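The block underneath contains the structure these notes are about, expressed in structure tokens.
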Amino acid sequence: MSVTHLPNAHYSDLIASDNNHLIGGDIDWLNSLRKKASEEFTGVGFPSPREEEWRYTNISPIEKSQFALSKQAGSVNSAFLSSVLIEGCHHLVFVDGFYQAELSSIDGLPEGVVVSPISNSLNDYESLVKSLLDSVVETPALGFINFNTALFTDGAVISIEENTTVEQPIQVAFVSSKEGALSISNCRNVILAKASSKATVIETYNSVDDSCYLTNVITEVVVEPNANLTHNRLQAESLKAYHIGGVYSRLEKNAIFNQNNYTFGAVISRAEIHAELGEASDCCLDGLYIAEGHQLIDNHTRLNHLHPHSISNETYKGIMNDRSRGVFQGRIIVAQDAQKTDAKMNNRNLLLSDHAEADTKPQLEIYADDVKCAHGVTVGQLDDAAIFYLRTRGADEQMAKNMLTFAFANEMVERISFNPLRIKVLEQLVKRFPQPGMKLEWL
Amino acid sequence: MLKIENLHVSVEGKEILNGINLEIGAGEVHAIMGPNGSGKSTLSYILAGREGYDITEGRVLFNGKDLLDMSVEERAWAGVFLAFQYPVEVPGVSNIYFLKAALNGIRKHEGLSELDAMDFITRVKGKMKDLDMDEKFLYRAVNEGFSGGEKKRNEILQMSVLEPSLCLLDETDSGLDIDALQIVAEGVNRLRDPNRSFVLITHYQRLLDYIKPDYVHVLAHGKVVKSGGPELALELEKHGYAWVEEKLAS
């Protein structure tokens, strides 16, 4: 092993302790999966900044924080919940990592469609869960994945029946309560879009107050032939929280997968968005991240074109204010067999302060010879000529800057076709630009 | 309305305006003509408040107030409007949002309430029709991908909506074909009002065929070297700027 990093004793102890609050303790295959992950974690621990993949994101504050495991759900009042839930969706609600049936509402799903917490599914849909769990994440797994596999408390199981369209998006809402402070919630989601199905899933992450905790979540996605899945992620956690998340997907022949990743919250946020592209599949990754204060938002994306004729289109835009940092790594791998791949990647960063930083790293690894790959990266500031122009028309300086900043971000927001989600993302955006003159109803 | 007194301006030690004196009364139309490099555009930028110039001497009074002490937006609120020679593209900000923000910003400073959406739309659409502009421009990003002529028309549209008291038009005729020039000139003429003044900065006389000035000034080497009535523009057209230089030399 080239990386020498001492496994963290506190977190290894958590894994070794008597975790009888976990689900599926009587299921052998799950126990052995958890055991293997525990052993791997105990040997390696969390990643260190000496690893290339983590060089911009030092997670030692997480190690030092010595979070406890969340063992039960705290309370969430209905006013807060209604601010989080998106209208026109099915809702699955998890508080501090535990499913809350009384806060959730799933009705009128088409026949054969499963939308359920894992905690309920291990009886009814055990083989479905077994077939998906740990089937898409890469090995050797990251420390955080092993930690999650060893300790996940719950999560969503979503399976869309063949030839079926689920009209209403499915919102999986993760909420951290006041009582969840100083603890870790580990949730695990598995999503299967069967052949020729169509659905939209929205994962949201919110906190009741500004407490400090860790969300360590993984979503595994399988999109079968000719299926069309849109997966959104809206991360608006407390600015004192830590968020480590991953979406690992596998696209089969002619599958369409759109992953949209909106990041506003957490003091350190890291998301791994990975996709394996099958033949003639089509993957679109959109990202918008806005950081302020001392926030660090890190998105690592990886598009693995394994078979011919697949298309990927990636656009990530970031805005960094104050002393915040944005990290983007966009890796595109085109395997030798993946001829006629068409991959486009674009990362644009706007720095609003002299102390803000953007670290952006496009990485192309191309082993096929008949492919189209394009990438572009920019890091810039607001255009002085445009600011002057707006001011000559009566916008004060702050408003002119807000308008231009907002416009930069709004390009990503306008692409959201499901209006209630678009409004939720806009609300987060406007929250970041609370200057007089910024009005939602003008948009 | 506007009084420029002995204005000296330099950039990085190089003097560009060299003692300008000019007085513009309410309701008057003044044309400022001059060869390239005479300082015409600098004058318009100074009046609008662009950064990067050293004002070494002189002052500018706008309705009795020191214009040079005001920020860019304060000048806009007070009624100064510059139609740019090269209007700036503002990606992502739609024309309608931009116009509304600008208009309501100015109304707020005039102590007026914000226009509601319907009143605003009606007002803008009427002005667009006058300027022969398609309504689709409202929903496009400000100036982004507009042709030269479309950008100039968009400037005049903003001017019509904002109704400033001092309109500075910097080379508004450049890049316009004859039809567009006529439409733009009609747009300007519609705005003529006893309480509104215009400064037309132009290289060529042809704009003045459509917008009749009350006074014409010739700028050379950062100074007003000759002032007169509309006939001065015709003389310039006939003899060229070299004629001014010769007269100055003799």
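Reminder, nothing fancy here: chain letters follow the sequence lines and each chain counts from 1. Side-chain atoms are counted along with the backbone in the values below, which use heavy atoms only and exclude waters and symmetry mates. Keep in mind that this is a model prediction, so the values were computed, not measured.
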Less than 3.5 Å apart, which donor and acceptor atoms pair up between the side chains of residues 49-57 of chain B and the rest of the protein, not counting sequence neighbours?
{"unit_1": "B:R50", "atom_1": "NH1", "unit_2": "B:Y45", "atom_2": "OH", "d": "3.4"}
{"unit_1": "B:T56", "atom_1": "OG1", "unit_2": "B:H8", "atom_2": "O", "d": "3.3"}
{"unit_1": "B:E57", "atom_1": "OE2", "unit_2": "B:N6", "atom_2": "ND2", "d": "3.1"}

May I ask you to decide if B:A26's main-chain N or O and B:R196's side chain share a donor-acceptor pair within less than 3.5 Å?
-> no
Which bit of A:A386 is near chain B, if near means a heavy-atom gap under 4.5 Å: side chain, backbone, both or neither?
-> both
Under a 4.5 Å heavy-atom cutoff, which of B:P87, B:S71, B:P91, B:A102 has the most pairs with chain A?
-> B:A102
Geometric class of the B:W77/B:H109 ring pair [parallel <30°, tilted 30-60°, perpendicular >60°] | parallel
Does the distance from a Lys or Arg side-chain N to an Asp or Glu carboxylate O, for B:K40 and B:E171, drop under 4.0 Å?
-> yes
Side chain, backbone, both or neither: which part of A:Y389 has a heavy atom under 4.5 Å from chain B?
-> both
Of A:R432, A:R323, A:R325, which meets salt bridge (Lys or Arg N to Asp or Glu O under 4.0 Å) against A:E292?
-> A:R432
Portion of B:A78 that has a non-hydrogen atom of chain A nearer than 4.5 angstrom = neither
Would you please say whether a donor-acceptor pair under 3.5 Å links the side chains of A:N261 and A:N299?
-> yes
So which residues of residues 139-156 of chain B are in contact with chain A at a heavy-atom cut-off of under 4.5 Å?
-> B:V142, B:N143, B:E155
Below 4.0 angstrom, N of the basic side chain to O of the carboxylate: do B:R107 and B:E114 qualify?
-> no
Side-chain ion pair, B:E5 and B:K3, N-O less than 4.0 Å = yes
Options A:E397, A:E414, A:R393, A:E411, ranked by heavy-atom pairs under 4.5 Å with chain B, top entry = A:R393
Ranking A:L404, A:T392, A:D384 by heavy-atom pairs under 4.5 Å to chain B gives rank one to A:T392
Hey, could you give me the CD1/CG distance between B:I46 and B:L82, rounded to the nearest 0.5 Å?
-> 11.5 Å
